[in-house]
Each structure stands twice: as structure tokens, then as C-alpha cells.
Asks: 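Let me begin by handing over the structure; questions about it come next.
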There are 2 protein chains.
Amino acid sequence: MAQRQRMTIRDVAAEAGVSIQTVSRVLNSRPDVAPETLRRVQEVIQKTGYAPNMLARSLTQGRSHVLGVVAYGLEYFGPSRVVTAIERQAAEMGYGVSLNLILEPETGDVDRLLNTLRARQVDGIIWAIPEVGDNRAWSRTKGSELPVPVMLVGGMADLPALPSIGIDNEAIGRLATEHLLAGGSNKIAIVTGPLSWWEAQQRLLGWRKTLATNGLDVSDRLVFEGDWTVTAGEHGLQRLLDRCPEIDAIFASNDQMALGILYAAHRLGRSVPDQLSVVGVDNIAEASHFWPPLTTVYQPLGDAGALAVKQIDLLIGKSTQPRRTQDLPSEMTLLMPELIVRESARCLESVVRPAIEPAQRTAAAGS
Amino acid sequence: MAQRQRMTIRDVAAEAGVSIQTVSRVLNSRPDVAPETLRRVQEVIQKTGYAPNMLARSLTQGRSHVLGVVAYGLEYFGPSRVVTAIERQAAEMGYGVSLNLILEPETGDVDRLLNTLRARQVDGIIWAIPEVGDNRAWSRTKGSELPVPVMLVGGMADLPALPSIGIDNEAIGRLATEHLLAGGSNKIAIVTGPLSWWEAQQRLLGWRKTLATNGLDVSDRLVFEGDWTVTAGEHGLQRLLDRCPEIDAIFASNDQMALGILYAAHRLGRSVPDQLSVVGVDNIAEASHFWPPLTTVYQPLGDAGALAVKQIDLLIGKSTQPRRTQDLPSEMTLLMPELIVRESARCLESVVRPAIEPAQRTAAAGS
DNA sequence: CTGAAAGCGCTTACAG
DNA sequence: CTGAAAGCGCTTACAG
């Protein structure tokens, strides 16, 4: 089957008594091979377990069939889902995945990374680093002159210079906040992620807009900036309650911080959800077993990853062909999140209707 | 900087007014280049942003500088740590990482995977799939005739046919159980992982041996086979208590199941750790914020991943050289886990001394 | 110190 | 339907 001495197309050709390009034809399943020849070559391939050298193939074709995937924080929930989905979809489409992890989202070493990927001749790059600060400035500066297509995963503040796909994070904030309103809360605080993160900003924005629309308080004392950790949730609740004891609900910008909030609430003797409603984001595996089970917002991260691969495959196809309309989808595609109702937030309505009108909802909540 | 038209070594040579192999010498920082020539070539490289085509380089060198990493369940705690560490170490040593995820640990498609990796000419393979059932049978059958070095990550039942590195899972079971004993428990149950997993078996073994050594009950009614999920922990506690209400401690084979146990204990009105001590495994981010904070066993997974890369680099170096002593480390390297004491298990001793004698410990616990 | 030649293992036109 | 030639972009001996 496998062998130590690597075998080449030449060996196969010799053994089958044909030329190497006939073998090549068989390998690439081209139609113009005589049935008998085909059989003979296939037999040899089968017998020897020959597998063509992708490196050589890539060199002549000018395509490596490898996608460069750049990610951060694989040990966290979001990135691990995205990368898993990317790998799955890529494998399905015949791409290999070159994994490149960075240690900090705000890395200055974009250039070196891009150069490495270019040197490895990846067919396309999937940039799955969240937008933090101006860590995507490079996409505007030199995004357009990159030698290969790039897909950004995760939305960004300004219209991206490169095609991008992400989750609608403002909608996350809106869904969570609307649910809290529907549950009858009217002093709704928020524990955000680091506000240098686009995702954190957008979730805050969704919260703010929803409350403002309903004429409710959105002052700064209701906002605590966390850092995604459980500890931040704990400190957040304590701090928010210090500032404003009448808070009756909190939107935690991720489940870990929601856990911290539940923990602190327990310690402070605030019962959830009776005295305090909590909604998180992510739906981590443990969420349904928090006390109480956590109401949270699900993000279709797997869909985002898979879609990124499909899109970049399209772009790669185009960049190979004599580029015509140049109709690159250089806009931002946003996928919709979904609310998962459990028990950490009061829920006065028997049926959750996301499409309900705010006024109506508030009325129902007040009844 | 970057350019659409890919530039080759030939372009650089022309622009610098030298031959291509002089450029090659500069690229590979060989000593035999005149200072002035060196300067001129470097200048051109700098100016044009030229990066040599790794594919072409690999083809001539017979080395791709890519490691094939095969993993399962990147969305879970262990694998994500291992893969992260592998990528980090690989990048540091100049290797690219080709990520290959499988959907089920007991995949039958080992052959196709191995073929793909061979076709991509990876320099070595890191097989980071846990041993489940006989999913490593291939390593004995054809492990030795593989064209490239392979490192298995995660221990295995029989002495592996290939060099392997993992965590001492029996020690995990021992550390956890000894701690429970030290806390004064003497009816100690276990919720295991799926027993087709080597890791789960070993943890069970550690539990069993430790109890047996201390003359305590290790009968089957104290064993519940879970599947690593929170839900399994919940069911596990309920079931174990049904069978044997006097249970006063449980070793959960991972933190998720430990969470399920805490959850169920809360529901059943068993206070932790007063009536029930619980120890988990992994030390997930949330563990320190469970109620009560979870005592657990930490596994040096990052070390394992990094070590795997270092080892395979050695093997690759050897397989390149005219193989001499053939002293491949074809044995199993096991790294030691560490107990992290928090509040979910009673702890009578002020200082935890893992080296303490069992008899002495039991005595202390009884006092 | 530097360059002309050969070759890595394939594929892509180009003949027949 | 099949094969001889050229070439992908490098590196490795081999001359000078």
C-alpha cells in the first residue's frame, strides 16, 4: 500500500507501459484515453497505491488547492466553531487548510503573515480574526493589491475593502434586549465585551437602540465594559448594582460573563430571574445547565465559516478566469442570530414572537 | 509591496543583474556571496517584496516544511488546546500546519486521510485523535511503512507501534481519588467517559486502583458510564444515588460532567461539598465559577502538543539523514497531570501533599 | 565568489 | 487516442 520510496508518475508509466502524460490523463480523469489503457493504468495505480505529488501539480497548475486560514483564540468558543466549519467545507471542496494562529487579535505582524501565506501559494485567504481596534487597517491599505482573494470573517465597522461575512451583532443586542423588555424588565443594564471589539460595540448598539426606541434609560451607569471572562461578569454585576440598585435585567455580551453574573447574583442574594433577568450570547455547551438555565442568543458561526469557504471558492474561480465584470461581492454579508429562550430571563409571553411591535410588547409585559 | 503579477527568482536576478542561483544563495543565506552582491540582491528583494515560492522550493528539497495535523473535535476543550499548541510550536520551528479534522474519532477513512497527507507531501504527521475502540489499529498494521514520521498524541492501550505522547490518565484518576480520600470520603463513585475511550478507561483504572489499595468498595454500582456531556453528569448522579444512597463523593471524568453533577446535586438537595464531594478533570474556564468552585485535575495539553512537534521535528531530521541507529522514540511519553484544589471537594488538610502515604492520609481524613 | 546545466514531479499545449 | 517537448520556480551539484 504505502511505501517508503516515493513513487512517481514515471514509475507508474513504466509499469503500465505508457507515457507519463497518459498517466496524467488518467489521474485527471480526462475522456481521451482508450478503455484498455485506462484499465491498465488504473490497475497499476491501485496496486502501487500511487498518489500524485500535489506540490508538483500545484506548481504547474498555479493553484495549490490550499486555503490559508488565519484565526485567533482557537481555544475560545467562537473561533473553534468557525475554524471547524471552514475545515469541513474546505475538505468537501477539495481544499487543504493551512492553519495560522495569531497570539493577539491586534497583531502588528500582518505583513509577515501575509507574506508567509503568499510564499506558500495559498489559493485564497480566510481572515477569521475579529475586528479589534484598527487591526483591519491593512485591508484598506493593501487589501486590493493582494495576490489572492481574501474573505474576512466577522463584520467590521466601516464597509470593508474586502468581501466579508459575519453575524449581525447589532441584532444580537436587539434580540436579547427585546426579550428582556418582553419579560417586563425596564431597567436593563449591559455588560459589554471590550469596546475595542467591533462585535462588542455592535451588541452595545443593539441594546442602546432598542432601549432608546422604547424610551428607556440608556445612560452610562447602565454600561459595564467587560473582557469576555467570567470574572468580568461578576465584577460587572456588583458594580452595576452599586451604581444603580434598581436594575432588574442584564444583557451579558457572552455566556461566560453571564455565568459570572449568575454567580455574583447568587452570592448577593438576588434571585434569577425573579429579581434579575439575564441573557447571554453564544449558547455554550454548559449554558443549558447554569442555574437557572441560561437564555442566550445563538450565532450561526458554522454557517458563517462554511459560507466563507464557498464564497472564496467563487472568487478563486473568478481570479483564475480572465476576470470580467469584476463583480466581487466586496460588501458585508451578515447572518442572523437566534434567541434561545430558557429560564434565566423572565418570560411573560407563552410564545416568543420576535416580529412583535415594541409598543405592543411592552404593553404585554406590563400586564 | 505585494503584487498581483507574481514575481519569480528570475525577475529578481534580472533586476539585480546576477544569476538566479546567486539570488538563491542570498535567499538561503549562504556564506559565499560577495558583500556588494548581497547588498544589491537584498535591496531588490526588499523593494519588490519578493517571496520565494515554497512549492517550488519544496519540490527540489523534497521537504514541504508542512506538518499534517489530524484532529477530532476542535470545538472541545482538549483538542483545541492541543492544536493551538501544535500550531504555535510548528510556526516557531518554521513549519506550516495542514489541518485535517475528522468527524468521528472512530473513522474508517484512515486510508484516505493518510493518502491525502502523503499527496500533500507533509514532512510528518501528528495524529491527535484520542484512542477510541480500535481506531489506532492502522498504526500497527501499516504504521511502520508510512513514508513520513508520525507522532501520536494521547496515550494508548497497547504499546504503540509509533512514537506517542500523552497525559498520564491513570494518574488523573489517582490524583482525584486520593484527594477525595484525603477529604474523608469513603464511598467514592465515578462517572466515567465512554469506556471505548482509552482516556476514560485509564481514569477509571486510577480510581479503581486507588480505592482498592485503600481497601474500599470498587463495585460496579459505583460506576456510571457517561459520554462527557453535562447531561451525563446529571443522570449519573441520580442513578448512582439510586443504587447507593450513601455515596459521599464522585469523581467526574471531565468538568462538563462535574457541572452536571453539581447541577443535579443542587436539584436533589445534596449540598456540595458537605454531603457530596466532587472532583472534575480539565479545568475549563468556567470551572472556577461553578457553585461551588470546582476542584479539578489539570492536564498539560499544551505541553503535549508542543512536545509532539519537537519530537517529530527530530524524527524528520533523522529520516532525512542516512538513518543510522534508528533510535526512534517509539515508546509512549506520558506527562503528569496536576490537581487544582478549589471548593467542590472537602479538604481536611490545610496543605495538599500529593506524595503522602495512603494509610496516613486516610487516618488524617478520619480524624 | 559566480554562473550554466540538470532535475524535482507534474501538466499543458503541440504534434501525430 | 497517445507521446515527445517545454516549462512551472526553485535548488543542487558542477564548473570555473
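Letters go in sequence order (proteins before strands), and every chain restarts at 1. The figures that follow rest on heavy atoms only: side chains count, while hydrogens, waters and symmetry mates do not.
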Asks: Can you tell me the base-pairing partner of C/dA13? Count Watson-Crick or G-U wobble geometry only, both distances below 3.5 Å, and say none if there is no partner.
Replies: none
Asks: Identify whether any heavy atom of A/T37 sits under 4.0 Å from a base atom; if not, whether one sits that close to sugar-phosphate; answer base, sugar-phosphate or nothing.
Replies: sugar-phosphate
Asks: Starting the side chain at C-beta, find the nucleotide from C/dC10, C/dC1, D/dC10 nearest to B/I9.
Replies: D/dC10
Asks: Quick check for you: among C/dG3, D/dT12, D/dC10, whose closest atom lies nearest to any side-chain atom of B/I20?
Replies: D/dC10
Asks: Could you walk me through whether A/M54 and B/Q121 pass side chain to side chain contact (heavy atoms under 4.5 Å, CB included), step by step?
Replies: CA-CA 7 Å; A/M54 280 295 291; B/Q121 311 296 117; 5.7 Å; no
Asks: Between D/dG7, D/dG3, D/dC10, which nucleotide has the shortest distance from any of its atoms to the side chain of A/T60?
Replies: D/dG7
Asks: Which nucleotide in the set C/dT2, C/dT11, D/dG3 lies at the smallest distance from any side-chain heavy atom of A/T22?
Replies: D/dG3
Asks: Between B/Y50 and D/dC10, is there a contact of a side-chain N or O with OP1 or OP2 at under 4.0 Å?
Replies: yes
Asks: Go through D/dC10, C/dT12, D/dT2 for me and flag the one nearest to the A/A34 side chain.
Replies: D/dT2
Asks: Mind calculating the distance between CG (A/N53) and P (C/dT11) to the nearest angstrom?
Replies: 10 Å
Asks: Look at the side chain of B/L59 and decide which nucleotide, out of D/dG3, C/dC1, C/dG9, has an atom nearest to it.
Replies: C/dG9
Asks: Knowing that exactly one of B/V82, B/I86, B/L101 qualifies, which makes a side chain to side chain contact (heavy atoms under 4.5 Å, CB included) with B/V69?
Replies: B/I86
Asks: Roughly, in whole Å, what's the span from CZ in B/R57 to P in D/dC8?
Replies: 18 Å
Asks: A/I316 and A/V148: side chain to side chain contact (heavy atoms under 4.5 Å, CB included), yes or no, with the steps?
Replies: CA-CA 8 Å; A/I316 291 167; A/V148 295; over 6 Å; no
Asks: Near DNA chain C, counting only heavy atoms under 4.0 Å, which residues of residues 25-33 of chain B show up?
Replies: B/R25, B/D32, B/V33
